[in-house]
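Okay, so here's the structure we're looking at.
Letters go in sequence order (proteins before strands), and every chain restarts at 1.
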There are 2 protein chains.
Amino acid sequence: MPQTHPPDCPGCAAPDLAFAAHDHAHCAADALARAEAVTAANNSRLTPVRRRVLEILLEDHRALGAYDVLARLAADGFGNQPPVAYRALEFLVEQGLAHRIQRLNAFTACAHPGEAHAPAFLICRACHSVAEAEAAPAREALDREAGRLGFAIERTTLEALGLCPSCKAAA
Amino acid sequence: MPQTHPPDCPGCAAPDLAFAAHDHAHCAADALARAEAVTAANNSRLTPVRRRVLEILLEDHRALGAYDVLARLAADGFGNQPPVAYRALEFLVEQGLAHRIQRLNAFTACAHPGEAHAPAFLICRACHSVAEAEAAPAREALDREAGRLGFAIERTTLEALGLCPSCKAAA
DNA sequence: CTTGACCTGTTATGATATTACATACATAGA
DNA sequence: TCTATGTATGTAATATCATAACAGGTCAAG
Ligand SMILES: [Zn+2]
Ligand SMILES: [Zn+2]
Ligand SMILES: [Zn+2]
Ligand SMILES: [Zn+2]
């Protein structure tokens, strides 16, 4: 059940960014609680497999391949055939609780579950962490270019590869 | 060899856009001529396989999977193992003569070979045609968002799915 | 208790991509 | 000309990613 926690919660106060230092235990617990709320509101069910997949994705701000997820599931006693993982991942993506990263053929937990958002992804090529950035400005720019060609955009894939702050500092 | 043609060429005068009506034979021939020039300038070689792959990609403004390309190559008497296609495609991408479309796991000929450009791709979900749009404005918007998080973008994948002008009209 | 919707498990297969090694070809010295 | 070298191509084998099709289980509405 979505356990409420104080609005001045220090975990929440930290910028909810993958790259910023933050209380990740809180970050993950909060995302799970939100997931419960989202699925309840949608009349869909966060079953044990689905919940476990989300927990696995929430372990850190990275993207995991379907087969990596599957291996973890199998170790936990769930089915170990690809559809088990793919179906749960598909469900989470539909519910807005996870995102697919095209460049990586992999999936990452949503950093803002429950909030309508069209994310752009920032992927560190060194440490492989993934953060969500606001996509709206880029999307608007694309809409303008597309409009010029008479093209009506419905969905966008915006992904950037580069160096996160710490890896940049290290280099 | 890149055969020159008049600067007032009607093919060139038409907007070089996948969605606009244009003299595609000229479009493809010109791209091929530019490819010769680009590879010559780079001291790289547009060998028969590579050239044939480019011709195949240039047949229309769509994206083709590596195995589709491979089937065509095999039919032409070239090797019929995956690396034959993947290597030629990789070469073309490196030379800026083709682009990879992540969403489709497929490749498309570059519409502006020889010109430095960072394209965004507009993919029609109905007729599967692919056009290149100017990515710079969207890229700048992304750079701003990324900069806010301390992330240094090196490369972007900008792809939009939607309806091209004619498919939109048909619907 | 039966029905129907949905979820999970499994088998089998399809689609995409790479590694490793062998062979052929170009071309630049000797 | 004749090798030496780098580069390109061919092929076998394998790795990785993804879906189709069907069987059985769960659960709540009727
Ligand atoms: Zn976190
Ligand atoms: Zn990093
Ligand atoms: Zn054309
Ligand atoms: Zn179309």
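In this structure, B/R52 atom CZ and D/dT9 atom P are separated by 15 Å, rounded to whole Å. Straight-line distance from the CG atom of B/L70 to the P atom of C/dG14: 17 Å, rounded to whole Å. Across the protein-nucleic acid pair, A/L73 atom CG and C/dG9 atom P stand 9 Å apart, rounded to whole Å. Atom pair B/F107:CZ and C/dT16:P shows a separation of 11 Å (rounding to whole Å applied). When the P atom of D/dC17 is taken as reference, atom CG of B/N105 falls 11 Å away, rounded to whole Å. One atom, CZ of B/R103, and another, P of C/dT16, lie 15 Å apart when rounded to the nearest Å. One interatomic measurement links the two molecules: CG of B/N43 to P of C/dA28, which rounds to 10 Å at whole-angstrom precision. Atom CD of B/E90 is separated from atom C1' of C/dT19 by 13 Å (rounded to the nearest Å).
Place B/R50 and B/Y67 on DNA chain D by their nearest nucleotides, and B/R50 ends up nearer the 5' end.
Checked by atom type, the side-chain pair B/T157/A/Q102 shows no donor-acceptor distance below 3.5 Å.
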Mark up nucleotides 22-30 of chain D, 5' to 3', with B wherever a protein heavy atom is under 4.0 angstrom from a base atom, S wherever such an atom reaches only the sugar-phosphate, and - elsewhere.
---------
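Rounded to the nearest 0.5 Å, atoms CD (B/E134) and CG (B/L158) are 10.5 Å apart. One distance of note links CZ of B/R50 with CD of B/E90; it measures 9.5 Å at 0.5 Å rounding.
Put simply, B/Y86 does not rest on the base of C/dT18: the two rings are not both less than 5.5 Å apart at their centres and under 30° in tilt.
Residue pairs that meet the ring-ring contact (aromatic ring centres under 6.0 Å, His included) test with at least one member in residues 151-171 of chain A, sequence neighbours left out, are A/F151-B/F19.
Contacts of residues 76-84 of chain A with DNA chain D (heavy atom under 4.0 Å): A/P82, A/P83.
Residues satisfying the side-chain contact (heavy atoms from CB on, under 4.5 Å) criterion with A/Y86, sequence neighbours excluded, are A/A66, A/Y67, A/P82. Not counting sequence neighbours, the partners of B/F121 by the ring-ring contact (aromatic ring centres under 6.0 Å, His included) test are B/H99. For A/H128, there are no ring-ring contact (aromatic ring centres under 6.0 Å, His included) partners, not counting sequence neighbours.
Contact of the B/T108 side chain with the B/H61 side chain is not registered, since no non-hydrogen atoms from C-beta on lie closer than 4.5 Å.
A pairwise comparison of heavy atoms in B/V38 and B/G114 identifies CG2-CA, 3.6 Å as the closest pair.
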